[in-house]
Each structure stands twice: as C-alpha cells, then as structure tokens.
Novice: 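What follows is a structure written as structure tokens; I'll ask about it next.
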Amino acid sequence: MNESDTSRHFLRQWIEGDVAAGKTGGKVVTRFPPEPNGYIHIGHAKAICVDFGMAELFGGDCHLRMDDTNPAKESDEYAENIKKDISWLGFKWSGEGDGKEPGFYNASNMFDKMYEIAENLIRAGQAYCCNLTQEEWKAYRGVPEKPGVPSPRRDTPPEENLRIFREMRDGKYADGEWCLRAKIDMASPNIHFRDPVIYRIRHVSHYHLGDKWCVYPMYDFAHPIEDALEGVTHSMCTLEFEVHRPLYDWVVDRLDEMGLLVERGGVKIRPQQREFARLNLTHTVMSKRLLLQMVQTKVVDGWDDPRMPTVCGMRRRGFTPGAIREFCERIGVSKTESESDPALLEWCVREELNKTATRRMAVLDPVKVVVDNFVGSREIELPDNPLDEGAGTRKMVFGREIWIDRADFMEIPEKKFFRMAPGQEVRLRGACIFKCTGCIKDESGKVVEIHGTWDEQSWGGNAVDGRKVKGTLHWVDAATGVPVKARLYESLFSEKNPLKDGPEKFLDYLNPGSVREVSGFAEPALADAKPGERFQFERTGYFVKDRDGAFNRTVTLKDSYKPA
RNA sequence: UGCCUCGUGGUGUAAUGGUAGCACCGCAGAUUCUGAUUCUGCUUGUUGGGGUUCGAGUCCCUGCGAGGCAACCA
C-alpha cells in the first residue's frame, strides 16, 4: 500500500490542513481509546486503522489508552486481550506512555490530575455539587425541546462545594447521593450543556487502582483531559459523539484557562475531536452488549467463536491481519451511515490467501472410487502453490481406491456438469484421466462406490492425443490418506439486518446452518499442519487449523458453477 | 413538533463550481490440470422542487428520507 492508494478522506484532509497551519507543533498525535469491558471487533478494527493509520501517515504517534473510567464493567483480562488483538492486527502504539510501556496509557493514571482539575473548576465557580436524585435530575434537565430548570444547589458558594466534593472523595456518601456537575447552561438546546455530571460516586474497586477512589470522572469530562494532557492533536471517534463535541471543547477551554495545555514545538496543543461513521456489516451484530449476550447464553462458543465478528474470532476463523486492514482501507471513511457487505471482506481474504496459502487436497464428503484397471500405486508431486514457485512441492500416492467429493459425481449428469458421471471423462488432479463406468448404490439409492478406468497414456494428467478434458477433480488416496475433521462456517445470521425487529429479537434470525462439522480424508502432508496454519483445500475453500486439530473454513472459493 | 448530522449504481466510496470515476457484488466471454486465479466486456447512480451560474453531485432556499442527542455508560 503506498500513500496515493489511500483515499484522501475528510479526516485526512482535516489533519493535513492542521499540519500545514502549524497546529500540531510538528507532530500529529492520535489515540485509540478502548474501554476494557469487552473484546474488540471488526468495527473497532476500522477505528484502529483510522487512528493508527493517520498517525502513521503523518509520521506521528498513536497512543493506546485504556479508557477505564467506569470500574464497574472493566477488567484486566479485557485490557490484555485488546492489546493482543491490536498487535495481531499489526499496529504498534507509540509515544511517551504514562508508565513503563511506550505509547501505552491508562485514563485511570490521570485520576489525580482530573480530581485537581475538578477542584479548580469548583473554585472558579464552574462546577458545583448536586444532590438531586437521578429521577429529579432527569426532570430538572428537561427534554431537548424545552429548557431545563436549574438545580437548587446551582449557586452554592465554591467553599461549600469544595467541602462536599472532598467528602465525596473521602467516602462520606453513598453512590448517587451527590455528584459534581459542570455549571454551563440549563437552557441550551444541546442536552449535554445542561450542567452535565462530571464526577459520580462509585464504591467499586478499580481493576487497575483498587480502592484508591470512590469518585470517578465521567467520559465527557475525562476524555478531553486525557487527550489534552497526552498532547493528542486529533481525536477521532464515532458519529454519536458529535453532540458531545461542544462539551469537549468547553473542557479544553477550561484547561486552556488553567494553563494545562501541553506545548510542543512552541505551540500550545489544543486537541480537537472529529467524528466518522462506524462500520456496520450486514448479517451481523456489532454491539458489545449483544455479543456479550451471545457469549453468556452460549449461542456461540465464546468471544473467539469463529463466527463472531470479534478480532479473536476472525483470527480463529483464519482471517489474516492484512485482509482485515485491506478491508478497512477499501470501505473508506466518511460521515455517511452505511452497511458494508461482508462479500468485500471475503474478497479481501481470498485475495491474500490465493497468493499465500499452501494447497492441499481434502475430501470432506467422501465417496469411494475404484479404478478397476489400476494396479499397485504410483507417486506424484504437486506444487504447494502454483502461483508461487518458491513455495515448493509435496508428494503423494495415487492408488486403485481413492476418495472424491460426493458433489463431484452425478449418476445422471445435468447439462454442463463437467465432473464425474458414467461415460464421462474427468482428470484426477495431478494423476490421470479417468472414465467412469458406473456406480453401486445401497437399498436407499445412495451411491456407495463408483467404478471406472484410467487412461494409462495420460499419467501426469494430459492425454497423449491432446483431447481436452473439461473437469479436474481433487481426490485423496484411500490407502495413504489421513482422516480430517472440518467445520464449515457460514454467516451467523440469516437475516441481512438481525436487529430489524429490535435488539430483543435478534436471536430469532440466527442462521441454523452457521456451522457444520464434517469429516473426511486429506492427503498425508496435511497431517503435519500446525494450529494457525492456513491452507487452500483445492476446489473447496480456505481453511485454518484450529487448536483442537480440526480445520475451520475461513471462506469458500468462489464458485461459478450453477446447477441447471 | 428543540438541536445536530447525513443522502451519489445492489453495496461501499471518489469527484473540493468544469467529461459522474473506482472497487465489491452480479452478468457474459477468453484462458485454465482448482468451474479458482488471470484477462476482456457489460448492466446499474447524483432524494424531489425551485434558485445562483456560461456551467451545479458540489453553492443557496425549500420539501422528503435516514440517523444521532434526553445513563451519575463509553
């Protein structure tokens, strides 16, 4: 990927303008700020590509910051797995860092500073403690169409607010008894300006800081502080935060007044927020809550179930980091809410795997073929990847009895069926030309054995008289083949939009055929495969070996054969 | 019926007042020891109505449609 290939989307133009205007002090700094309360999914991958990608493009830094301001839902397990997944995607956080690890930050490491800033706000008469209940607060705030009503505590003198705020911090009050609110504008048409809560009491232990605090800052207060103190220049997030931007700017203004903006290259760094559309994919759900629900109710095997849109699930499914990044590049960045087609993702993974995946023959729905006039066994050698001469070759044996896929045989072939059928010639890949003479069926009419003869002149695969054979089949030698298990995956949901009847109903649209376990036979070379290794099963699809030894189907090969 | 945002082929995205282009999907053909890959070609689009302009997808007005905002979540 070179620079001119990436689209000059609006965020890129925005940053270019700021760089040209000298606003960055010589370095573009972005951040990816996940809350460690779940596993990251393909939607986050898009954001990661944007955040890390823009930093990379402009030669700057992208911080990885755990936005851990709500201890109730967060855990170290999530934080660690988020780091693992981002690394796997191929991104490296950089910058100073707030501890030992460069580029890595925890919002919680700024709690001291945030608390101090909150006290400053109180002293300046820009924040006050409020003891309205949540229900009251809701009523006072009003609705977007009508102005709100001020809290009775709105004009409390700073000294008293300071005393109460400290008592909040010191654990004198229960959760929800008091909170700290910014004093802005109860009549604003923007709800977020109606004296938003910026600190709340939570007697919950923090996964990172333990019981050090019982008051925690709210997102709208914490985020701009985190960005500003880290020297972030460009803070990119999803569309739903657009209405929060004025509040973000309000907080940055206060920091500016307090002289807390960092300086770089003689320039005061004012972080700015911009919003872009999140990624939506048809036939899937992306909400962390709904994914968690599927995990907890065991609709799927876990966060890394290969049907999940999580990064770890896609990894187990066999997707490559490159394919995911290519996909994120190709869907682009805009403010238009849209639903991308998973077909593009599949195209991206085929595109990469076609060039890189080792070829193997595997028969996953086997039926036996007997080559009646064949005696003994012969060895053949096939390239590991015909598209890559450096990939090497592997050997295998062809014998009198082989397996082919049931779908490659028809007793009464339909028009344009180029595969095996009585009287019809096919090529057995790498071996010879074979002519079917008939088949044996059981009482139920199921084909149990196919018979035929080989053309001894065609060893290697080509006829000496130059006649063309339209169909080439993959096969596995019955004597030397090894048993394989595979899981054939399809989309988790059968409905384009599983949420069309609301989030309560989305499970109604689960695809009952989203996974099918099959077993069959494969050429011996596949027995050496290691977990995580990717293969193309010829004429079938791309597969990756899972930790239990089975092969997960990443995606099928494109198939333009249409039964008549 | 408050404020904000967004409407370009089936899908995603370009065109920044000057020939509506690219990719995916789909369809057709060529090549092929993977009905894959590769190659060629094709179908399909600016939300309606006004206005400004020599010229509007782009600027203005006005409809229509979609979404966001009323957690002490992020």
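The chains referred to below are lettered A, B, ... by the order of the sequence lines, with proteins before strands, and numbering in each begins at 1.
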Novice: Does A/R200 place a side-chain N or O at less than 4.0 Å from the phosphate oxygens OP1/OP2 of B/A74?
Specialist: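 Yes, such a contact exists.
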Novice: Base, sugar-phosphate alone, or nothing: which one does A/Q134 contact when heavy atoms must sit under 4.0 Å apart?
Specialist: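 Result for A/Q134 = base.
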Novice: Which part of the nucleic acid, if any, lies within reach of A/N37 when heavy atoms closer than 4.0 Å are counted: base, sugar-phosphate only, or nothing?
Specialist: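 Contact class for A/N37: none.
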Novice: Measure from CZ on A/F543 to P on B/U34 and round the result to the nearest Å.
Specialist: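 Distance check: A/F543 CZ to B/U34 P gives 19 Å.
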Novice: At under 4.0 Å between heavy atoms, what does A/K146 touch on the DNA or RNA strands: base, sugar-phosphate, or nothing?
Specialist: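 No contact.
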Novice: Send over the distance from A/W137 CH2 to B/A70 C1', rounded to a whole Å.
Specialist: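 To the nearest whole Å, that distance equals 9 Å.
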Novice: B/G35, B/C27, B/C69: which one has an atom nearest the side-chain heavy atoms of A/F417?
Specialist: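 Nearest listed nucleotide: B/G35.
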Novice: Could you check how far CD of A/Q536 sits from P of B/U37, rounded to whole Å?
Specialist: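 In whole Å, B/U37 P lies 10 Å from A/Q536 CD.
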Novice: With P as the reference atom in both, quote the distance from B/G50 to B/G12 in angstrom, rounded to an integer.
Specialist: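 It works out to 28 Å between them.
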Novice: Please check if the distance between the ring centroids of A/F241 and A/Y219 is under 6.0 Å.
Specialist: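 Yes: the rings meet the under 6.0 Å criterion.
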Novice: Mind telling me whether A/H192 and A/H244 have parallel, tilted or perpendicular rings, with 30° and 60° as the class edges?
Specialist: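 Plane angle between 30° and 60°, so tilted.
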Novice: Taking the same atom, C1', in B/C59 and in B/C3, what whole-Å distance lies between them?
Specialist: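 The same atom, C1', in both gives a distance of 24 Å.
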Novice: Would you classify A/L345 as touching base, sugar-phosphate or nothing, given that sugar-phosphate means primed atoms plus P, OP1 and OP2, and contacts are heavy atoms under 4.0 Å?
Specialist: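 No contact at all - A/L345 keeps every heavy atom at 4.0 Å or more from the nucleic acid.
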Novice: Determine the interatomic distance between P on B/A23 and the same-named atom on B/G41; round to the nearest Å.
Specialist: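 Between the two P atoms, the distance is 11 Å.
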Novice: Return yes if a side-chain donor-acceptor contact under 3.5 Å exists between A/Q272 and A/D18, otherwise no.
Specialist: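 A/Q272 vs A/D18: donor-acceptor pair found between side chains.
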Novice: How would you label the contact of A/Y542 with the nucleic acid (heavy atoms, under 4.0 Å): base, sugar-phosphate, or nothing?
Specialist: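 Result for A/Y542 = nothing.
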Novice: Taking both distances under 3.5 Å as the test for a Watson-Crick or G-U pair, what stems of at least three pairs does RNA chain B have?
Specialist: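 Result, WC/G-U stems under 3.5 Å: B:2-7 with B:64-69, B:10-13 with B:21-24, B:26-30 with B:38-42, B:47-51 with B:59-63.
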Novice: Just N and O in the side chain of A/R8: are any of them under 4.0 Å from OP1 or OP2 of B/U13?
Specialist: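 For B/U13, neither OP1 nor OP2 has a side-chain N or O of A/R8 closer than 4.0 Å.
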Novice: Output a table of nitrogen or oxygen pairs between the protein and nucleotides 19-23 of chain B separated by less than 3.5 Å.
Specialist:
from	atom 1	to	atom 2	distance (Å)
B/A23	O2'	A/R330	NH1	2.7

Novice: Base, sugar-phosphate alone, or nothing: which one does A/H223 contact when heavy atoms must sit under 4.0 Å apart?
Specialist: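 No contact at all - A/H223 keeps every heavy atom at 4.0 Å or more from the nucleic acid.
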Novice: Using atom C1' of each nucleotide, how far apart are B/U38 and B/U32 to the nearest Å?
Specialist: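 Straight-line distance between the two C1' atoms is 9 Å.
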Novice: Rounded to the nearest angstrom, tell me the gap between atom CZ in A/F241 and atom P in B/C3.
Specialist: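 Spelled out: CZ on A/F241 to P on B/C3 is 24 Å.
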Novice: Can you see if the side chain of A/S560 gets near the phosphate of B/A36 - specifically, an N or O under 4.0 Å from OP1 or OP2?
Specialist: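 Checking A/S560 against B/A36: at least one side-chain N or O falls below 4.0 Å of OP1 or OP2.
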Novice: Rounded to whole Å, how long is the line connecting atom CG of A/N190 with atom P of B/C69?
Specialist: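 Atom CG in A/N190 sits about 12 Å away from atom P in B/C69.
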Novice: Remember a base hit wins even if backbone is also touched, and classify A/R359 as base, sugar-phosphate or nothing at under 4.0 Å, heavy atoms.
Specialist: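 Base, at least one base heavy atom under 4.0 Å.
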Novice: Would you indicate what A/K562 reaches in the nucleic acid, counting non-hydrogen atoms under 4.0 angstrom: base, sugar-phosphate, or nothing?
Specialist: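 Result for A/K562 = sugar-phosphate.
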Novice: Please measure how far the C1' atom in B/U58 lies from the corresponding atom in B/U52, and state the result in whole Å.
Specialist: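 Those two atoms are separated by 13 Å.
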Novice: Using atom C1' of each nucleotide, how far apart are B/U47 and B/G65 to the nearest Å?
Specialist: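 One C1' to the other, the span is 7 Å.
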Novice: Within the structure shown, what part of the strands sits under 4.0 Å from A/R202 by heavy-atom distance: base, sugar-phosphate, or nothing?
Specialist: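 A/R202: backbone/sugar contact only, no base atoms under 4.0 Å.
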Novice: Establish, for the pair A/R181 and A/W137, whether the NZ or CZ atom is under 6.0 angstrom from the six-membered ring centre and no further than 45 degrees off its axis.
Specialist: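 Yes - A/R181 lies over the ring of A/W137, closer than 6.0 Å to its centre and within 45° of its axis.
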Novice: Any base atoms under 4.0 Å from A/V469, or only sugar-phosphate, or nothing? Heavy atoms, all strands.
Specialist: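 A/V469: no heavy atom of the nucleic acid under 4.0 Å.
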Novice: Roughly how far apart, to the nearest Å, are B/C6 and B/U46 at atom C1'?
Specialist: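 Per the computed distance, 15 Å lies between those C1' atoms.
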Novice: Using a 4.0 Å heavy-atom cut-off, does A/I331 contact any base of the nucleic acid, only the sugar-phosphate backbone, or nothing at all?
Specialist: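 Answer is sugar-phosphate: A/I331 comes under 4.0 Å of backbone atoms only.
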Novice: Looking only at the side chain of A/S334 (C-beta and beyond, no hydrogens), which of the listed nucleotides B/U34, B/U37, B/A14 gets closest?
Specialist: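 Within the option list, the nearest is B/A14.
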Novice: Between B/C73, B/C69, B/U34, which nucleotide gets closest to the side-chain atoms of A/R539?
Specialist: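 The answer is B/U34, which lies nearest to the side chain.
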Novice: Just the rounded figure in Å: distance from C1' of B/G35 to CD1 of A/I404.
Specialist: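 Between C1' of B/G35 and CD1 of A/I404: 15 Å.
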Novice: Does A/R141 reach a base, just sugar-phosphate, or nothing at all? Heavy atoms under 4.0 Å.
Specialist: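 Sugar-phosphate, backbone atoms only, no base.
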Novice: Does OP1 or OP2 of B/U13 have a side-chain N or O of A/S338 closer than 4.0 Å?
Specialist: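 A/S338 to B/U13 OP1/OP2: side-chain N or O found under 4.0 Å.
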Novice: Please give, in whole Å, the distance from B/A71 P to A/Y199 OH?
Specialist: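 Checked: the OH to P distance equals 22 Å.
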Novice: Contact class for A/E538 vs. all strands (heavy atom < 4.0 Å): base, sugar-phosphate, or nothing?
Specialist: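 The answer is base, as A/E538 lies within the cut-off (heavy atoms under 4.0 Å) of a base atom.
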Novice: Quick one: label A/D67 by what it contacts on the DNA or RNA (base, sugar-phosphate, nothing), any heavy atom closer than 4.0 Å.
Specialist: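 A/D67: backbone/sugar contact only, no base atoms under 4.0 Å.
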Novice: With syn defined as a glycosidic angle within 90° of 0 and anti as the rest, where does B/A71 land?
Specialist: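 Syn, angle within 90° of zero.
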Novice: Any donor-acceptor pair under 3.5 Å linking the side-chain atoms of A/E538 with those of A/H474?
Specialist: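 No pair is found: no donor N or O on one side chain lies under 3.5 Å from an acceptor on the other.
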Novice: Does OP1 or OP2 of B/A74 have a side-chain N or O of A/T69 closer than 4.0 Å?
Specialist: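 Answer is yes, contact under 4.0 Å.
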Novice: Which class fits the ring pair A/F374 and A/F398: parallel under 30°, tilted 30 to 60°, perpendicular over 60°?
Specialist: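 Geometry flag for A/F398 against A/F374: perpendicular rings.
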